[in-house]
Amino acid sequence: MLSVDAPFHGDPPPPGPPGPTPGLWEHEVVELFVAGEGGADAVEYLEIELSPHGHHLVLRLRGVRRPFEEGLPLDFRATIAGHRWRGEALVPRAWLPRPPHRAAAFAIHGPPAARHHLASLALPGPRP
C-alpha cells in the first residue's frame, strides 16, 4: 500500500479520465522511485506517479529513463479536501526491483513557466 497525504496546489487535471496517463509529470503529481541494485546504466527501478485527480502512471525501467513496461494498471483512489489531497494505491510486490532497495519521492506542480520540483532527498548531478 502506497499512501499520499500532500498539499493540493490547484493545478488543473490532465485531459482524459482518471487512470493510466502518459506524460503525467507535466501536471501536478507526486512521484515515488524505488530502485534495486546496480549502477545508472543497469539499475532496475519502479516509478509511480500519482495525481490528486486520480490519474496515475507506473513505469518499470532498466537503466536511467529506459522503460521496459509503462502504463501499468494501478488500483488507485485520490480525494481532494481543501488545500490537501490524499491517495492510496495498491502496488503489486512483483513490480518492485530486486533488493536492496533505495527510494526517493518527488512532487511537481505549477504552470509550465514556473514549475516547482521538490525532492525528498538532495540528489547529485545536473539531471538527477
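The analysis underlying the following values was restricted to heavy atoms, covering all of them including side chains, and did not include hydrogens, waters or symmetry mates.
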Inset, instruction - Check Ser51 against Pro14 and note the closest heavy-atom contact, atom names and distance. - result: OG-CD, 4.4 Å
Legend entry - Lys/Arg N to Asp/Glu carboxylate O, Arg62 vs Glu44, below 4.0 Å: yes
Inset, instruction - Give, for atom CG of Leu24 and atom CG of Leu57, the distance between the pair rounded to the nearest 0.5 Å. - result: 6.0 Å
Inset, instruction - Evaluate the side-chain proximity of His27 to Pro15: yes if any heavy-atom separation is below 4.5 Å, no if none is. - result: yes
Inset, instruction - State, to 0.1 Å, how close Pro97 and Ala35 come at their nearest heavy-atom pair, and which atoms those are. - result: CG-C, 3.7 Å
Inset, instruction - Indicate if Ile80 and Leu2 have the same hydrophobic cluster label, given that clusters are the connected sets of ILVMFWY residues with side-chain heavy-atom separations under 4.5 angstrom. - result: yes
Inset, instruction - Say whether Trp85 and Val29 are linked into one hydrophobic cluster, either directly or through other cluster members, by side-chain heavy-atom distances under 4.5 angstrom. - result: no
Inset, instruction - Please tell me if the side chains of Asp5 and Arg84 come closer than 4.5 Å, counting only heavy atoms from C-beta onward. - result: yes
Inset, instruction - Determine whether Phe76 and Val58 make a side-chain contact, defined as any pair of heavy atoms from C-beta on separated by less than 4.5 Å. - result: no
Legend entry - hydrophobic_cluster_shared for Leu72 and Trp25, side chain cutoff 4.5 Å: no
Legend entry - Any Leu50 side-chain heavy atom under 4.5 Å of His56 side chain: yes
Inset, instruction - For residues Phe33 and Leu46, determine if any side-chain heavy atom of one lies less than 4.5 Å from a side-chain heavy atom of the other. - result: no
Legend entry - Flag, side chain of Asp11 to backbone of Gly110, donor-acceptor distance under 3.5 Å: yes
Legend entry - Ring centre gap for His101 and Tyr45 strictly below 6.0 Å: no
Legend entry - Test item: Arg86 and Glu88 side chains (from C-beta on) under 4.5 Å apart, heavy atoms: no
Legend entry - Identified side chain to side chain contact (heavy atoms under 4.5 Å, CB included) partner of Ile108 from the options Glu28, Glu31, His116: Glu31
Inset, instruction - May I ask you to test the His83-Pro7 pair for a side-chain heavy-atom distance under 4.5 Å? - result: no
Inset, instruction - For the residue pair Ile48 and Leu74, establish whether any side-chain heavy-atom pair is separated by less than 4.5 Å. - result: yes
Inset, instruction - List the atom of Pro67, the atom of Leu61, and the distance in Å for their closest heavy-atom pair. - result: N-CD2, 3.7 Å
Inset, instruction - State plainly whether one hydrophobic cluster holds both Val4 and Leu32, where clusters connect Ile, Leu, Val, Met, Phe, Trp and Tyr through side-chain heavy atoms under 4.5 angstrom apart. - result: yes
Inset, instruction - Would you please test Arg60 and Trp95 for side-chain contact (heavy atoms from CB on, under 4.5 Å) and show each step? - result: CA-CA 7 Å; Arg60 294 180 69 202; Trp95 290 355; 4.3 Å; yes
Inset, instruction - Kindly work out whether a path of hydrophobic side-chain contacts (I/L/V/M/F/W/Y, heavy atoms less than 4.5 Å apart) joins Leu59 to Val30. - result: no
Inset, instruction - Over all heavy atoms of both residues, which pair between Leu121 and Ala104 is shortest? Give the atoms and the distance, please. - result: CD1-CB, 4.2 Å
Inset, instruction - Heavy atoms only: give me the nearest Leu96-Val34 pair and the separation to one decimal. - result: CD2-CG1, 4.0 Å
